[in-house]
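Data block below; observations after.
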Amino acid sequence: MQPIVVCNNLCHEFQVAGGTIQVLKDISLEIYPGELTMLVGPSGCGKTTLISVIAGLLRHSAGDVFVLGKNIAKLSSMELLKLRREKIGFIFQQFNLLLGLSSNENAAVPLVANQQSWETAQAKSNALLTQLGMGNHLEKLPRQLSGGQQQRVAIARALVHDPKLLLCDEPTASLDSQSGQTVMKLLTELAVKPDRAAIVVTHDPRIYAFADRVVHMEDGRIDKVEQGKEAIRLQRH
Amino acid sequence: MMRVAFKMLMQDTAKYLGLILGIVFATVLIAQQAGMAWSVILMSVNATTSKTEVDIWVMKPNVEFVDTPESMAEVCLSRVLSVQGVQWAVPYYTGAGMLRSVDGLFKSVSINGVDDYTLTGAPSKDQMVMGNVQDLAQPDSVLVDYIGYRKLYPKAEPKLGGEFEIGQRRCTIVGIYKSKASFSGLPMIVTRRSVAVALARETLNSMTFILVKAKPGIDHRELADRISSETQLRALSRDNFVEMNINWMIKNSGIIENFGITVAMGLVVGIVIVGQTFYMFSVENRKQFAALKAIGVSNSVILQMLLAQAIFVAVIGYAIGIGICSALFYIMNLSPDSSLVGLFLPDTVALATAVIVIVMVILSSVVSAWKVLTVDPALVFRG
């Protein structure tokens with residue numbers, strides 16, 4: 001099986017006054033389809049930087065990163081945009097929904113950005129939102145929704161164009177415990193498919209049990225990797 | 001993505017209305033002041049442009065403005081008539097006098113003397129509200145313009161037969177006509193030239209202009225040049241005469257400077273309000289734009305969205321602003337006694353304001369757009 005993401009000896013550093021800070025150190029990692037991988041670790045360990053690099057939002061300093069077989073260092077800005085638009089779905093900690101758009105319009109945006117008509121896009125987003133239990137909130141604006149409901153709209157937006165890679169940054173951080181569990185349950189049910197991989201950045205140990213693999217990061221390096229839901233669950237308890 | 005752009009624009013009603021109000025304010029200020037300036041300038045040539053049957057105006061060589069003419073000798077008319085290509089030429093007199101009404105009050109008036117025999121230069125039939133131009137043939141008869149009549153007799157309904165004195169000579173009103181407002185704002189008296197010079201207490205048979213009609217097929221400018229070279233007088237085609245008067249007004253009246261300051265203020269205030277609101281909009285929405293960029297929307301699409309927003313608010317703001325401005329000019333003209341009668345919103349000013357407003361809004365939007373276009377999409381991963 002071909003991995004969806006491959007990182008080989010990935011390094012990244014930031015220039016700051018008085019020198020450079022190395023935030024990713026020699027990261028080697030493979031993410032396979034059908035797998036939900038969690039990147040965990042303390043703040044500042046490089047989790048968010050790593051998914052920013054994988055998403056092509058940051059250009060890394062050294063090493064290779066392949067996404068869906070493409071070396072992203074060799075892609076132009078336009079090719080990176082196309083890759084993100086067509087093949088990657090995003091879920092953010094702060095939801096980042098467009099405040100003037102209703103739930104179904106928000107969820108339809110990636111399809112419209114991919115040149116689909118509003119009618120087609122909204123039909124797909126309606127169906128997905130209904131699956132996510134948001135059928136009664138299709139016309140509501142983000143400010144009329146709870147945090148959990150907004151994150152469900154964000155999940156619909158991330159999945160509506162059927163991406164091959166799903167990148168989630170702290171998807172439960174802004175939610176209470178119960179909403180967090182519900183969101184993760186929906187995410188694992190809908191997001192993880194045989195041809196799609198999901199990477200979830202989190203420092204919330206309560207959701208580790210949803211992962212197929214947990215990658216522990218520490219000071220820019222991969223510290224250890226835990227395999228299998230059951231193993232992870234047992235280790236937690 | 002335009003639908004997204006418009007929904008994002010209208011998500012904050014207060015800011016959206018503030019943006020529209022800023023554009024409305026700038027539009028009203030620019031169009032109203034520029035309209036007033038331009039219509040005041042045009043007033044100076046209303047008397048010229050209304051005489052559509054005249055192709056060429058002849059005057060003394062040192063005349064610079066229609067309201068400051070100099071008298072010419074009677075022989076000048078014969079010299080002009082002798083120039084090849086002239087179909088007809090008639091004398092015309094403009095001057096001023098003091099009118100004494102029946103109640104003993106004195107008022108300044110503008111006196112216009114048309115050719116005694118042909119009445120060329122008198123108002124047309126269509127302009128007459130009451131009476132008949134041909135009645136000028138009666139002794140000491142005059143026509144009065146409608147606005148001027150209302151100024152002379154504010155409380156009376158317009159009627160014929162009224163009398164007043166100018167230059168200690170009694171005159172009778174035989175007609176009232178509609179005319180565009182004059183720059184001086186004085187009531188306009190039209191009479192035969194022989195009567196006009198007497199009213200103005202000028203030398204007998206004085207004339208300030210010679211009105212010329214060119215033969216069919218003759219180029220007006222060429223004929224004007226020929227008249228100038230053969231008579232040593234200044235002859236100008238109607239268009240050139242209008243242009244000369246407008247240039248004189250622009251150069252000597254200070255209108256452009258005075259109104260221009262307010263127009264510039266309107267522009268600056270508009271740029272500040274619109275620019276600031278767009279900037280705040282960009283700053284407050286940068287996370288939303290960053291999210292769009294993260295999911296693969298390109299900067300060129302985002303720029304199109306911002307420009308669509310700018311053009312949308314510019315068109316709405318301009319439409320409301322120009323509507324308010326037109327209403328203001330309409331109200332100004334409601335009372336015939338008002339000194340604002342005759343001011344209007346020229347089409348060219350409305351069009352120029354549209355261009356200025358749209359450019360102003362687009363520029364403000366593009367400057368603010370920089371904040372959005374340079375936003376790092378990785379911002380969405382920072383909590």
Side-chain angles (χ1 to χ4, degrees), chain A residues 43 47-59 77-102 105-106 108-115 117-118 121-122 141-143 154 157-158 160-161 163 167-170 173-174 201, chain B residues 1-20 277-278 280-306 308-310 312-313 316 365 369 371-383:
Chain A
S43 289
K47 314 183 288 287
T48 298
T49 306
L50 179 56
I51 60 162
S52 296
V53 169
I54 292 170
L57 298 174
L58 274 182
R59 294 277 189 183
S77 302
M78 293 312 286
E79 287 168 331
L80 275 176
L81 276 174
K82 190 169 185 285
L83 178 74
R84 288 206 299 269
R85 197 165 56 230
E86 293 177 355
K87 306 290 185 194
I88 303 178
F90 292 91
I91 297 173
F92 312 111
Q93 179 183 343
Q94 296 295 332
F95 324 129
N96 289 320
L97 298 175
L98 302 179
L99 305 178
L101 269 60
S102 64
E105 286 171 329
N106 259 297
V109 165
L111 291 173
V112 176
N114 278 311
Q115 308 299 323
S117 69
W118 271 101
Q122 281 190 279
L141 295 172
R143 67 166 183 271
R157 181 177 66 181
V160 74
H161 56 306
L167 299 175
C168 314
D169 182 41
E170 307 274 11
S174 301
V201 167
Chain B
M1 294 298 284
M2 293 306 127
R3 180 162 156 184
V4 176
F6 294 133
K7 294 232 171 180
M8 284 179 81
L9 177 69
M10 285 180 259
Q11 75 195 24
D12 187 337
T13 314
K15 251 188 224 82
Y16 171 63
L17 290 179
L19 206 51
I20 299 277
T277 314
F278 265 127
M280 282 165 65
F281 180 79
S282 303
V283 170
E284 287 175 12
N285 291 319
R286 70 197 183 110
K287 271 215 152 185
Q288 292 187 58
F289 283 112
L292 282 175
K293 287 169 87 168
I295 64 174
V297 179
S298 65
N299 266 347
S300 67
V301 172
I302 287 177
L303 188 61
Q304 284 171 36
M305 290 167 68
L306 294 170
Q309 290 175 341
F312 182 73
V313 290
I316 290 183
S365 152
K371 197 89 189 160
V372 171
L373 297 178
T374 55
V375 71
D376 180 5
L379 179 74
V380 288
F381 285 139
R382 292 173 206 147

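Any value given below was found using the heavy atoms of this structure, including those in side chains, with hydrogens, waters and symmetry copies removed. Letters A, B, ... are given to chains in the order of the sequence lines, protein chains preceding strands, and every chain is numbered from 1.
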What part of B/L292 lies closer than 4.5 angstrom to a heavy atom of chain A: side chain, backbone, both or neither?
->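 The side chain, not the backbone.
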Given that the side chain runs from C-beta out, which part of B/M1 has a heavy atom under 4.5 Å from chain A: side chain, backbone, both or neither?
->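 It is both, since atoms from each part get that close.
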Rounded distance [0.5 Å steps], CG in A/L99 versus CD in B/Q288 |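 Going from CG on A/L99 over to CD on B/Q288, the span is 4.0 Å.
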Reported OG-to-NZ distance for the pair B/S298 and A/K82, which is rounded to 0.5 angstrom = 13.0 Å
Under 4.5 Å from any heavy atom of chain B - which part of A/L97 | backbone
Please look at A/I88 and chain B and tell me whether the side chain, the backbone, both or neither of the residue comes under 4.5 angstrom of a heavy atom of that chain.
-> neither
B/A294 and A/F92: which non-hydrogen atoms are nearest, and at how many Å?
->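 For B/A294 versus A/F92, the nearest heavy atoms are CB-CZ, 4.2 Å.
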In chain order, what residues pass the salt bridge (Lys or Arg N to Asp or Glu O under 4.0 Å) check against A/E79, with sequence neighbours excluded?
-> none
Residues in salt bridge (Lys or Arg N to Asp or Glu O under 4.0 Å) with B/K7, at least two apart?
->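 For B/K7 the salt bridge (Lys or Arg N to Asp or Glu O under 4.0 Å) partners, ignoring immediate neighbours, are A/E105.
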Counting heavy-atom pairs under 4.5 Å with chain B, the top scorer among A/L98, A/V112, A/I51, A/L167 is A/L98
Over 12 non-hydrogen atoms of neighbours within 6.0 angstrom of CZ in B/R286 |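 Check fails, neighbour count at 12 or below.
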Chain A contacts, top residue of B/M10, B/K293, B/Q11 (heavy-atom pairs, under 4.5 Å) =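 It is B/Q11.
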Checked B/N285, B/V4, B/I295, B/V301 vs chain A; the most non-hydrogen pairs under 4.5 Å come from B/I295
